[in-house]
Amino acid sequence: MSEFSGALQEVYDVVYRRNPGEPEFHQAVEEVFESLAPVVERHPEYVDILTRMCEPERQIIFRVPWTDDSGRVQINRGFRVEFNSALGPYKGGLRFHPSVNLSIVKFLGFEQIFKNSLTGLPIGGGKGGSDFDPKGKSDAEVMRFCQSFMTELYRHIGDKTDVPAGDIGVGGREIGYLFGQYKRIVNRYESGVLTGKGLTWGGSQVRPEATGYGTVFFASDMLGAKGDSFEGKKVLVSGSGNVATYAIEKIHELGGTVIGCSDSSGYVVDEKGIDLDILKEVKQVRRGRLSEYVELRGNGATLGTEGSLWHVPADAALPCATQNELDADDAAALVKNGCKVVAEGANMPTTPNAIKILQGAGVSFGPGKAANAGGVATSALEMQQNASRDSWSFDYTQNRLRDIMSALHDNCLTTADEYDAPGNYIVGANIAGFVQVADAMLALGVI
Ligand code: NDP
C-alpha cells in the first residue's frame, strides 16, 4: 500500500477499508492519489470532494440467466457502476470477460471519470460488464446472453442518464444485440442510449477506429514534443482486438512499422510489419489465434517463444490488450532496448513498478486515461450526432478526434508544468481530469 501525505492518507484509508478485496480498484485510486498531493495542498476544500469521488453514485449487480445451445440454463453476473455524473450522463463501456468482477468494474469506472473529464466533453464516468466469456460461444448464444443482460440493464440506462459502449469482448455484434433488445423493451428508437452502433443504425464514422487512432495521435504528439515522429520507428502493439488493430493501422499510415502484436495465447514477431488484412481475417472473421496469422503470413513472421512481446527491441510500445500486462521486467527490457515512448491504449496495462522504471529512465509515458480517451470522445461525438439526427463524414469526424487528442495532450503538459512536474503526463492527466470534476461537484452541492 502506498503512503500519502496527511489528509490524503486519511481519505485513502477509508477507501481501502470500505472496499476490501478489490486490488484493481485500490491500484487505480492509489495511482490518482499519488498525483494529487500538490493540488490538495493548494486547495484543502478538495479533500471532502475526493472522499465522495471514490464512492460510486450507484452500483448495480444482477443475475443474467440464459440458455445455451444444448438447452442448459447458464448463469452469469452483470454489473453497472455509475460512478460520477457531475459533468454529464455516466459514460463508459461494457466488458464481457471471465475475469470481470466488482473490483475490475470499479477500477475502470474510476479511471473513466478522469478520462471523460479530460476530453472536455460533457460526460460523466461509469463502467459495466459481465463475467460471461464470449469465446467459443455460438452467435445465437451471444445473442441470448446479450438479450438477457439488457432485460435488466435497460431500466438503468438512457441517453440522459447512462450511455454504455463496448470494451473487451463487446464489439459491434454485441452492441447490436444489446440495442435491439433495448429498442424492443422500451418500444422507442433511442439511438443515444448506446454508442459503438453500426453505421446504418445510428453509429458514427471513426468510432471503431477511435481508441486505436486516438492513442497513436497522442503518442505522436508525445514524440512531437521531443521533436520526433513515428516516421521510420519500430513499434510494439500488444493485443490484436479493437484498440490494437486500429493503432497498428494508424502507425503504418504515419510511417512507423509495427513489428509485433499479441493475444491471450502469445505474441507474434513480424519484422516486415504486421499485415493488417491477415490480422483482421484471423481475429475479426475467424475469431482465431495468432498462430493462424503466422501460418497465413509466412514471410518470416514467427510466434514469440521467450519472455513477452516487450522484450522485442523497438523504439515505441503501445500496450493495447489488458490491465497489468506490462510489468517491471518488461519495462526494464524496453529501457535496455532503447524504447523512447510508451502510450497506453489499454486501461492500466502498466504496473506501478513498471511505470517507475520507465519514467526513471526518461521514457515518455502516456497513461491510458489520457492516451486512450479518443474512444470515449468519439462516443460523445456519436451522442451529438444522435441528438441532432445527423451523421458526419469520416474526415470531419477524424479531424474532430485529432483536435480533441491534441488539446488533451497539451492540457496534460501545461498542467504538469503548473505543478512543477514538466513532461510528466501522469501528473498532468490526473490533476487536469480531477480539478474539472471536483469544481463541478463543489458547484452542485452535497449530493
Ligand atoms: P478486444 O476484446 O477487442 O481485444 C482485447 C485483446 O487483448 C484481444 O486481442 C485479446 O486476446 C488480448 N488480450 C487479452 N488478455 C491478454 C493478455 N493477458 N495478454 C495479451 N493479450 C491479451 O478489446 P479492446 O481492444 O476493445 O480493449 C483493449 C483494452 O483497451 C482494454 O483495456 C480496454 O479497457 C481498453 N479500452 C478500450 C476502448 C474501446 O473503445 N474498445 C476504449 C478505451 C480503452 P484474445 O483474442 O486471445 O482474447
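One-based numbering, in listed order, for ligands and for the atoms of each. Nothing fancy with the numbering, it's 1 onward along the sequence. Just so we're clear, the structure is a prediction, and the values are computed from it rather than from any experiment.
Taking a cut-off of under 4.0 Å to the non-hydrogen atoms of R289, the atoms of ligand 1 that pass are 45 (P), 46 (O), 47 (O). Less than 4.0 angstrom separates some heavy atom of C320 from each of these atoms of ligand 1: 28 (C), 29 (C). Set against the non-hydrogen atoms of R207, the atoms of ligand 1 under 4.0 Å away are 40 (O). Numbered from 1 in the order shown, with element, the atoms of ligand 1 that lie under 4.0 Å from a heavy atom of G169 read 2 (O).
Judged by the shortest distance from any of its heavy atoms, G93 lies outside the 4.0 Å radius around the atoms of ligand 1. The closest approach between any non-hydrogen atom of K283 and ligand 1 is below 4.0 Å. Under a 4.0 angstrom heavy-atom cut-off, R287 registers as lying outside contact with ligand 1. Residue contacts with ligand 1 do not include M348, since none of its heavy atoms lies under 4.0 Å from the ligand.
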Side-chain donor-acceptor pairs under 3.5 Å in residues 83-90, sequence neighbours left out?
| residue | atom | partner | partner atom | Å |
| --- | --- | --- | --- | --- |
| N84 | OD1 | A86 | N | 2.9 |
| S85 | OG | E57 | OE1 | 2.8 |
| S85 | OG | E57 | OE2 | 3.4 |
| Y90 | OH | E57 | OE1 | 2.5 |

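For the pair R95 and D167, the salt-bridge criterion is met [side-chain N within less than 4.0 Å of a carboxylate O]. Salt-bridge annotation for D162 and R58: absent, with no side-chain N of the basic residue lying under 4.0 Å from a carboxylate O of the acidic one. By the 4.0 Å N-to-carboxylate-O rule, E292 lies too far from R289 to be salt-bridged with it. The pair E55-R52 does not count as a salt bridge, with every side-chain nitrogen at least 4.0 angstrom from each carboxylate oxygen.
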Derivation of the side chain to side chain contact (heavy atoms under 4.5 Å, CB included) call for Y425 and L413:
CA-CA 6 Å; Y425 289 91; L413 279 191; 3.6 Å; yes
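Nearest-residue assignment for atom 23 (O) of ligand 1 (options T245, D133, I168; heavy-atom criterion): I168. When the heavy atoms of A371, G345, A321, G129 are ranked by distance to atom 28 (C) of ligand 1, first place goes to A321.
Between G241 and ligand 1, an N or O atom pair is found at a separation short of 3.5 Å.
Residue contacts with ligand 1 for K135 involve side-chain atoms from C-beta outward but no N, CA, C or O (heavy atoms, distance under 4.0 Å). With a 4.0 Å cut-off on non-hydrogen atoms, T211 touches ligand 1 through its side chain and not its backbone.
The aromatic ring centres of Y189 and F179 sit less than 6.0 Å apart.
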